[in-house]
Amino acid sequence: MHIADGILSNEVCLGAGVLAAGAIGLSLRKLNDTVSLRTVPLTGMMAAVIFAAQMVKFPLAFAPAYGHLLGGVLAAIVVGPWAGCVAMAIVLFLQMALFADGGWLAYGANALNMGVVGSLGGHAIYSIISRRFAGPRGKIAGAVVAAWLSVVAGSALFSVEFALSHRGGEFDLPKLFAVMTTLHSLVGVGEALITGGVVSYLLAVWPDLIDAPSRPPGVIAGLGRVVWTGAVVALAVAAFLAPFASEGADALEQTAERFKFDKFERTPVALVLPDYEVPIPGVDVSTGAWHKLSVALAGVFGTSAVLGISLVLGRVARTRLAARDAEATHAG
Amino acid sequence: MPGDFLDRYSLGNTVCHRLPPTLKIVLAAAVIAGCALLPVAYWPAHGCLACLVFVGLSLAEIPLSYLVHRLALFLPLVLVTALSVPLSRGFAGGWEIAATVVIRSLVAFLAALWLVSTTPFDRLLAAMSRLGMPRLFSALLAFTYRYIYVLFDELARMKTAQRARTFGKRSAWQRWTATTRLVGLLLIRALNRAVRIHGAMVSRGWRGDMRTLD
Amino acid sequence: MSHAPAPILKVAHLSYRYPVGQIALCDVNFVVGVNEIVGLVGPNGAGKTTLLLHLNGLLLGTRLAPRNGETASVGTAGYVGAAQNAAGADSNNESRAPVEVLGMPVIPENFPEIRRNVGVMFQDPDDQLFCPTVRDDVAFGPLNLDFPRDEVLRRVAESLASVGLAGFEDRRPHELSFGEKRRVCLAGVLACEPSLLALDEPSSNLDPRSRRGLIEILKKCPAAQIIASHDLELVVELCSRVIVLDQGRIQADGPTREILGNEALMARHGLEVPLSIRYGLEFGKGPR
């Protein structure tokens with residue numbers, strides 16, 4: 001997921017850097033302005049937790065493969081959007097400096113795709129949903145949906161950045177967009193599962209930790225709407241437009257370029273997802289006839305999976321909470 | 001604890017280690033930016049920068065085996081990206097672009113590696129905040145860097161404890177919930193620790209502003 | 001010690017209830033004089049750590065009126081910022097805070113001066129070593145007390161030397177052994193040159209050599225000390241006086257050998273007569 005140097009053009013790196021610096025700078029300002037001195041150690045510790053938690057391999061239920069946490073949404077839910085944004089920026093900086101994950105020039109793009117979108121956008125979505133449904137179910141559903149959307153939105157942002165970097169014509173934005181968002185709608189299921197699982201555990205063990213989200217500040221709410229809309233559009237593209245996009249490609253292929261386009265599609269995938277081993281069951285994105293169906297299926301699958309997860313986790317948390325309450329009344 | 005932190009050679013004592021950190025940051029940044037700004041296929045200049053970086057790495061006495069190990073993790077990614085250019089042109093051209101992409105990534109990667117391997121992380125942060133990084137950000141980076149080690153140890157202990165209590169074949173669901181619990185517990189413990197750390201900071205007179213000896 | 005000069009620490013009718021409602025401290029009274037080293041013993045959950053956190057205002061308890069001292073009137077107080085209610089819950093309109101350090105009530109206005117004078121060492125050294133290098137960590141206190149750079153560096157060198165870690169300035173905390181970590185913590189506290197040292201389990205998890213080193217350091221330290229510990233032999237060696245705390249109340253307060261040698265008292269509060277005292281008593285040497 002981390003972009004190395006040399007992949008995006010200098011202009012795009014610069015632009016993304018300015019945007020990310022603005023968002024992180026604003027978050028730092030907000031952090032500095034908070035009344036509680038505790039925010040500083042909490043933010044640093046949250047970053048350390050995300051850093052360590054990213055090393056934990058999650059066995060995914062549906063395949064002999066592993067996923068890992070990205071954490072933007074989780075951080076934002078636990079310490080708030082601004083502190084979460086700073087925490088993610090710190091995690092990404094340390095990964096760049098200590099593990100060489102992501103290039104120094106591409107730091108802005110990485111911080112934007114994974115940090116800012118995940119924490120600020122993710123938190124906005126989380127608070128919109130969790131305020132609509134009271135209780136732990138709303139929070140879990142919010143966390144699950146926000147986690148999933150943050151991954152999809154991040155990938156959509158990456159495809160825009162990538163396409164802007166290679167305007168020479170050899171890359172086809174709608175198609176790249178479709179492939180990236182489709183694939184990440186699956187990767188996002190992993191993120192949604194993990195975030196939802198951890199949040200439901202936290203709610204069962206230490207419910208006070210995750211306060212009822214207050215009304216998000218205007219900026220974030222706006223950003224949340226943008227991400228929300230963007231992701232829904234991306235999903236729509238993935239599920240419904242992608243088949244037509246590849247139809248166009250089929251026509252093109254007939255003229256000359258079939259082999260090369262098919263091959264090309266694999267590259268951005270391999271390029272941005274080296275550390276994700278999330279498989280695509282029954283979907284081989286590159287072959288022509290399967291393309292339409294698989295792309296549409298993946299999009300639909302992603303959506304329904306996320307809905308399913310939030311329902312299941314909501315139920316699990318409710319039983320756990322009920323058990324805890326019963327225990328408490330028993331003891332007391 | 002994962003042993004491949006980049007800064008494990010940062011406590012050496014070579015010419016490169018003794019250079020002032022600020023100078024090293026400027027040098028590394030200049031090499032990275034210079035390489036990114038060079039036009040495609042301007043080989044002599046690319047070659048010079050690459051040589052410069054290799055000289056720096058050998059002066060810093062970074063073992064070759066270590067470099068090879070790092071590159072083995074890094075290069076496949078870059079090669080795939082670079083090859084996508086000639087691939088999309090049916091191998092009829094674009095080789096120069098591909099080569100430039102590889103060289104750019106390589107030089108940037110090695111220059112960053114040189115910087116981090118010759119400068120202890122705290123010095124690097126101090127120099128960066130002198131160069132304009134917000135003080136709160138560098139203080140948080142230092143804090144996080146400090147506690148990554150503590151949390152890795154804690155995570156390892158928790159994993160051992162979990163392994164000691166579980167045996168036999170478990171379903172994917174069980175393994176998944178166990179891992180979720182692991183992360184959740186780590187989070188709770190870490191946040192409790194943050195509250196205690198806050199107490200320790202306040203006890204020593206902290207009033208919210210970050211002060212350093214620099 | 002009855003006519004000691006102005007006490008370093010005075011705790012009067014201190015009570016504290018956790019935010020969840022459980023009572024942690026109830027009507028705690030004691031005074032610590034200059035140069036006194038007081039041991040604080042009691043079973044797990046007795047309230048030792050909670051008591052230490054009150055000494056520099058990390059927790060703010062309430063002053064319980066001695067006349068109607070039922071537990072029901074114990075007020076709650078939050079953590080630092082939330083607690084301006086130090087005196088609010090008083091039932092006899094007594095406006096003084098329950099804890100006084102050098103005659104200053106422990107209230108937010110006095111925090112800077114109080115934290116300069118009270119050094120607290122916590123149980124887990126990792127909680128206290130939050131800076132990237134040993135130098136930064138020991139310098140943290142003096143820097144926040146607004147000392148000039150030269151003075152800070154002098155104090156860092158001096159306090160590291162006093163704990164036997166001269167030359168450790170550039171080491172990184174995660175490379176230190178547990179004993180070294182704890183000594184760096186102590187150096188960080190000593191660098192503020194406190195008049196009262198509050199130590200929470202200073203010898204836990206230390207190997208015998210580190211423990212011995214720590215005891216020698218504490219013996220040389222000029223500050224008054226209050227040491228919460230399960231290591232009763234350490235208490236016997238260092239402290240002239242012992243306070244037994246159990247269930248949030250002071251159960252006994254007196255000369256070390258007298259208190260720790262009282263078998264019935266020790267057993268009642270989940271403690272044991274230290275072997276050195278038992279051995280001494282058996283052979284007729286008697287306490288003291």
Side-chain angles (χ1 to χ4, degrees), chain A residues 4-7 10 13 24-25 28 31-32 37-38 40-49 51-53 55-61 69 78 86 89-91 93-94 96-100 103-105 170-171 193-194 197-198 201-202 205-206 209 257 259-260 263-264 267-268 270-271 274, chain B residues 2 4-7 32 36-37 70 74 77-78 80-81 83-85 87-90 101 104-105 108-109 112-113 116 121 124 134 136-137 139-141 143-145 147-148 151-152 155 172-173 175-177 179-184 186-188 190-191 193-195 197-198 201-202 206 208:
Chain A
D5 276 339
I7 287 168
N10 295 332
C13 283
I24 297 167
L28 280 171
L31 211 60
N32 242 344
L37 287 183
R38 248 196 285 184
V40 172
L42 277 179
T43 308
M45 193 54 93
M46 193 67 223
V49 170
F51 194 100
M55 306 280 163
V56 178
K57 286 185 165 181
F58 274 81
L60 293 177
L69 182 72
V78 176
V86 173
I90 285 168
V91 169
F93 188 96
L94 287 175
M96 173 182 80
L98 299 175
F99 289 149
W104 290 70
L105 292 179
E170 62 267 51
F171 294 100
L193 268 167
I194 299 170
V198 174
Y201 175 78
L202 293 178
V205 178
W206 190 4
L209 183 65
E257 300 265 322
F259 169 69
K260 298 142 208 166
K263 273 290 167 22
F264 150 69
T267 45
L271 151 78
Chain B
D4 57 346
F5 276 88
L6 288 187
D7 58 345
I32 294 174
L37 291 173
R70 298 299 319 187
F74 175 75
L77 260 172
V78 173
V80 167
T81 318
L83 279 180
S84 75
V85 181
L87 207 60
S88 67
R89 295 182 185 175
V101 165
R104 269 182 195 166
S105 302
F109 178 78
L113 194 66
V116 179
F121 194 66
L124 192 67
L136 178 60
F137 195 68
L140 281 169
L141 277 170
F143 185 94
T144 307
Y145 177 73
Y147 282 100
I148 282 172
L151 291 195
F152 277 149
L155 197 58
W173 171 255
R175 280 183 295 142
W176 183 75
T177 43
T179 319
T180 314
R181 211 171 294 148
L182 194 73
V183 171
L186 181 76
L187 184 79
I188 287 176
L191 294 182
R193 186 187 287 279
V195 171
I197 294 166
H198 166 255
M201 293 172 85
V202 169
W206 187 58

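As the structure is a computational prediction, the values presented were derived from the model and not from experiment. Every chain is numbered from 1, with letters handed out A, B, ... down the list of sequences.
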Any heavy-atom pair between the side chains of A:L98 and B:Y145 that's under 4.5 Å? yes
Select one option (side chain, backbone, both, neither) describing which atoms of A:V78 are under 4.5 Å from chain B's heavy atoms. side chain
Heavy-atom pair count under 4.5 Å with chain B, highest-scoring of A:A52, A:G103, A:A53, A:G25: A:A52
Between B:T144 and A:A48 (side chain of the first, backbone of the second, donor and acceptor by atom type, cut-off under 3.5 Å), is there such a pair? no
Minimum heavy-atom distance A:P41-B:W206, with the two atoms named: CD-CH2, 4.2 Å
Closest contact, heavy atoms only, A:W104 versus B:A112: NE1-CB, 2.8 Å
Part of A:L28 lying under 4.5 Å from any heavy atom of chain B: both
With the side chain counted from C-beta on, respond yes when A:F51 and B:L151 share a heavy-atom pair under 4.5 Å apart, and no when they do not. no
Could you check whether any side-chain heavy atom of B:F137 comes within less than 4.5 Å of a side-chain heavy atom of A:I24, counting everything from C-beta outward? yes
Taking every heavy-atom pair that is under 4.5 Å apart, which of B:L187, B:L186, B:L155 has the most such pairs with chain A? B:L187
Which heavy-atom pair separates B:F143 from A:M45 by the least distance, and what is that distance? CE2-N, 3.6 Å
Please look at B:I197 and chain A and tell me whether the side chain, the backbone, both or neither of the residue comes under 4.5 angstrom of a heavy atom of that chain. side chain
Given that the side chain runs from C-beta out, which part of B:Y147 has a heavy atom under 4.5 Å from chain A: side chain, backbone, both or neither? both
All heavy atoms of B:F74 vs all of A:A4, minimum pair found to be CE1-CB, 4.1 Å
side-chain contact (heavy atoms from CB on, under 4.5 Å), that's the test. Do A:V86 and B:L136 meet it? Break it down for me. CA-CA 10 Å; A:V86 173; B:L136 178 60; over 6 Å; no
Evaluate A:R38 against B:V195 for side-chain contact (heavy atoms from CB on, under 4.5 Å), listing each step before the verdict. CA-CA 7 Å; A:R38 248 196 285 184; B:V195 171; 3.5 Å; yes
Could you tell me which portion of B:L141 (side chain, backbone, both or neither) has an atom closer than 4.5 angstrom to a non-hydrogen atom of chain A? both
Closest approach of B:W176 to A:L193 (non-hydrogen atoms, all atoms of both residues): CZ2-O, 3.0 Å
Sidechain-backbone polar pair: B:T180 side chain, A:V198 backbone, donor-acceptor under 3.5 Å: no
Compare all side-chain heavy atoms of A:I194 with those of B:T179 and state whether any distance is below 4.5 angstrom. no
For residues A:L105 and B:A36, report the shortest heavy-atom separation together with the two atoms involved. CD1-CB, 3.6 Å
